[in-house]
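Some notes on the structure that comes next.
In the text below, chain A, chain B and the rest are named by the order of the sequence lines, each starting its count at 1.
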2 protein chains.
Amino acid sequence: MAMTTRRYHHGDLRAALLTRAEQTLRDKGPGALSLRELARDLGVSHAAPSRHFKDKQALLDALALAGFERLGAAMTAALEEAEDSFADRLSAVLRAYVGFAIGNAALLDLMYSVKHDPAASEALIAATNRLATLAAELIVDGQRRGEVRDGPVESIALPVMAALHGFAALVVSGALPPELVEQGLDDTVALVLRGALQTNAV
Amino acid sequence: MAMTTRRYHHGDLRAALLTRAEQTLRDKGPGALSLRELARDLGVSHAAPSRHFKDKQALLDALALAGFERLGAAMTAALEEAEDSFADRLSAVLRAYVGFAIGNAALLDLMYSVKHDPAASEALIAATNRLATLAAELIVDGQRRGEVRDGPVESIALPVMAALHGFAALVVSGALPPELVEQGLDDTVALVLRGALQTNAV
DNA sequence: ACCTGAACACCGTTCAAGT
DNA sequence: ACCTGAACACCGTTCAAGT
């Protein structure tokens, strides 16, 4: 069973590259991410990754895509555990978003970074649309319960997404010191609530 | 006067590096930014930049810092031209922020990116604090006019900043298609206004 | 199908030496 | 003080060739 050393490759090089890449992204930042080092770590030649990702950018795109899937899953899970009231559901989603952001700072950066090529951008935009749908469902549900004011869903869902993402981005970039995160979280939920609720419902 | 070709260097290499770097950042994206190419473009040896920036990262940090100063200036200018009402002032600031984001997408990305070294981070955090102060003044002014509800300034200013930044970030990343920007801008202002105004003032 | 090895054209950084 | 030139240790990408 010691025959696994440097055969062709054990199993799924593509998956191995992705998980390893995310690890170094988390541990050493995006600047330290090199295809050659990845290949070295996995005991494979430096040209091997190109079989699975035509480009370094292609690997980054795949990483970003996986990130969106996990973020969506985290938000969905948070909603499932939350109470029924709109306030609780909004708070749960924001907390899930911020939690993901703190635990995956470099990845979130990558997910929203500008330099994706058009082909992959399509898939990434689809991924963000899934998040937007999630937000829209949150709003529609609130409207159904009579808690959120009426009107086009998007006119409420988009600003809510902006606030969620903006708060998480400020936390991740270090613009908001960690000790102010909890308070800021509550204040952001409160402002969004006031903005979204039925008039006089506060 | 044709003696300027490849002497030591005409004037201020540091400034020349910064402006040129920002140009290529805008035109060809962050991936295309190379110290050696910068040096080549400016007719200087590839080792020359190291006299002015110890590091590639140091150049990026300086670029980010300059970006924050210009963003702050744009927001301040927008406030000076705006009407006195809180609604107008908020709208003006958001428009300035988004305008800067669209015109300087890669730079904004860099400004809020995670990989700054601690030394420069200090200066960058100071720069974001100046933006936070600007937002706080906007709120305080609104409270003075009796338009914004009372309470700790930060509890309103931070969520407002989050919404501003988040909306701009969504636009820049392409998550929000360009044709929806105008509508989204209005909706975001509207939600933040409802969240920040005196109850029943809508 | 999947990978290797060599080759090519780049990088960033450092450091003696020049003016 | 400011810059050059050479050197070092890396990159990403490509492509014939191997199994």
Side-chain angles (χ1 to χ4, degrees), chain A residues 3-25 27-64 106 110 113 115-120, chain B residues 3-25 27-64 106 110 113 115-120:
Chain A
M3 66 197 308
T4 31
T5 6
R6 187 80 55 110
R7 258 191 320 99
Y8 260 20
H9 191 262
H10 41 283
D12 190 350
L13 179 55
R14 193 193 136 92
L17 283 166
L18 282 174
T19 54
R20 183 80 196 187
E22 194 187 331
Q23 201 176 99
T24 65
L25 192 63
D27 295 346
K28 304 196 263 174
L33 203 56
S34 127
L35 288 181
R36 284 180 106 110
E37 186 173 357
L38 244 38
R40 248 180 271 128
D41 290 348
L42 296 175
V44 108
S45 98
H46 64 260
S50 75
R51 285 286 130 187
H52 302 277
F53 301 100
K54 86 174 222 294
D55 230 26
K56 186 180 186 182
Q57 188 58 50
L59 199 176
L60 295 180
D61 291 341
L63 231 35
L110 180 65
S113 93
K115 47 187 166 185
H116 303 289
D117 39 297
Chain B
M3 69 198 305
T4 31
T5 7
R6 187 81 54 110
R7 258 193 320 101
Y8 261 21
H9 191 262
H10 40 283
D12 190 350
L13 180 55
R14 193 193 135 92
L17 284 165
L18 281 174
T19 53
R20 183 82 195 185
E22 194 187 331
Q23 203 176 99
T24 66
L25 191 63
D27 296 346
K28 305 195 263 176
L33 203 56
S34 126
L35 288 181
R36 284 179 105 111
E37 186 174 355
L38 244 37
R40 248 179 272 129
D41 291 347
L42 296 175
V44 106
S45 97
H46 64 260
S50 76
R51 285 287 131 188
H52 302 278
F53 301 101
K54 86 174 222 294
D55 229 28
K56 186 180 185 181
Q57 188 58 51
L59 200 176
L60 296 179
D61 291 341
L63 231 34
L110 179 66
S113 92
K115 48 188 167 185
H116 303 288
D117 38 298

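- Atom pair B:Phe53:CZ and D:dC2:P shows a separation of 13 Å (rounding to whole Å applied).
- Distance A:Lys56 NZ to D:dT13 C1': 13 Å, rounded to the nearest Å.
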Between the protein and nucleotides 8-10 of chain D, list every N/O to N/O distance that falls short of 3.5 Å.
none

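- Atom CG of A:Asp55 and atom C1' of D:dT14 are 12 Å apart (whole Å).
- Rounding to whole angstrom units, CG of residue B:Leu60 and C1' of C:dT13 are separated by 15 Å.
- Interatomic distance, CG of B:Leu35 versus CG of B:Leu17, reported as 8.0 Å (0.5 Å rounding).
- For DNA chain D, runs of at least 3 consecutive pairs of the Watson-Crick or G-U wobble type, with both hydrogen-bonding distances under 3.5 angstrom, map to C:4-8 with D:12-16, C:12-16 with D:4-8.
- Rounded to the nearest 0.5 Å, atoms CG (A:Leu18) and CG (A:Asp12) are 8.5 Å apart.
- Taking atom CG of A:Asp12 as the reference point, atom P of C:dA1 lies 17 Å away to the nearest angstrom.
- Rounded to the nearest 0.5 angstrom, A:Leu42 CG and A:Glu37 CD are separated by 10.5 Å.
- Rounding to the nearest 0.5 Å gives a distance of 10.0 Å between CG of B:Leu25 and CG of B:Leu59.
- Note: CG (B:Leu35) to P (D:dT4) measures 14 Å, nearest angstrom.
- The shortest heavy-atom contact between B:Ala62 and B:Phe53 is CB-CE2, 3.9 Å.
- In this structure, the NE2 atom of B:His46 is 12 Å from the P atom of C:dT13, given to the nearest Å.
- Between A:Asp61 atom CG and A:Lys56 atom NZ the span is 12.5 Å, to the nearest 0.5 Å.
- Note: CG (B:Leu17) to C1' (D:dC3) measures 13 Å, nearest angstrom.
- Residues B:Leu33 and B:Leu38 meet the side-chain proximity criterion, which asks for heavy atoms closer than 4.5 Å.
- Listed by chain and number, the residues in a salt bridge (charged side-chain N to carboxylate O under 4.0 Å, His left out) with B:Lys54 amount to none (sequence neighbours excluded).
- In this structure, B:Arg20 CZ and B:Arg40 CZ are separated by 11.0 Å, a value rounded to the nearest 0.5 Å.
- If you find the closest nucleotide of DNA chain D to A:Glu37 and to A:Ser50, the one lying nearer the 5' end belongs to A:Glu37.
- Between A:His52 and C:dC2 there is no side-chain polar atom (N or O) within less than 4.0 angstrom of OP1 or OP2.
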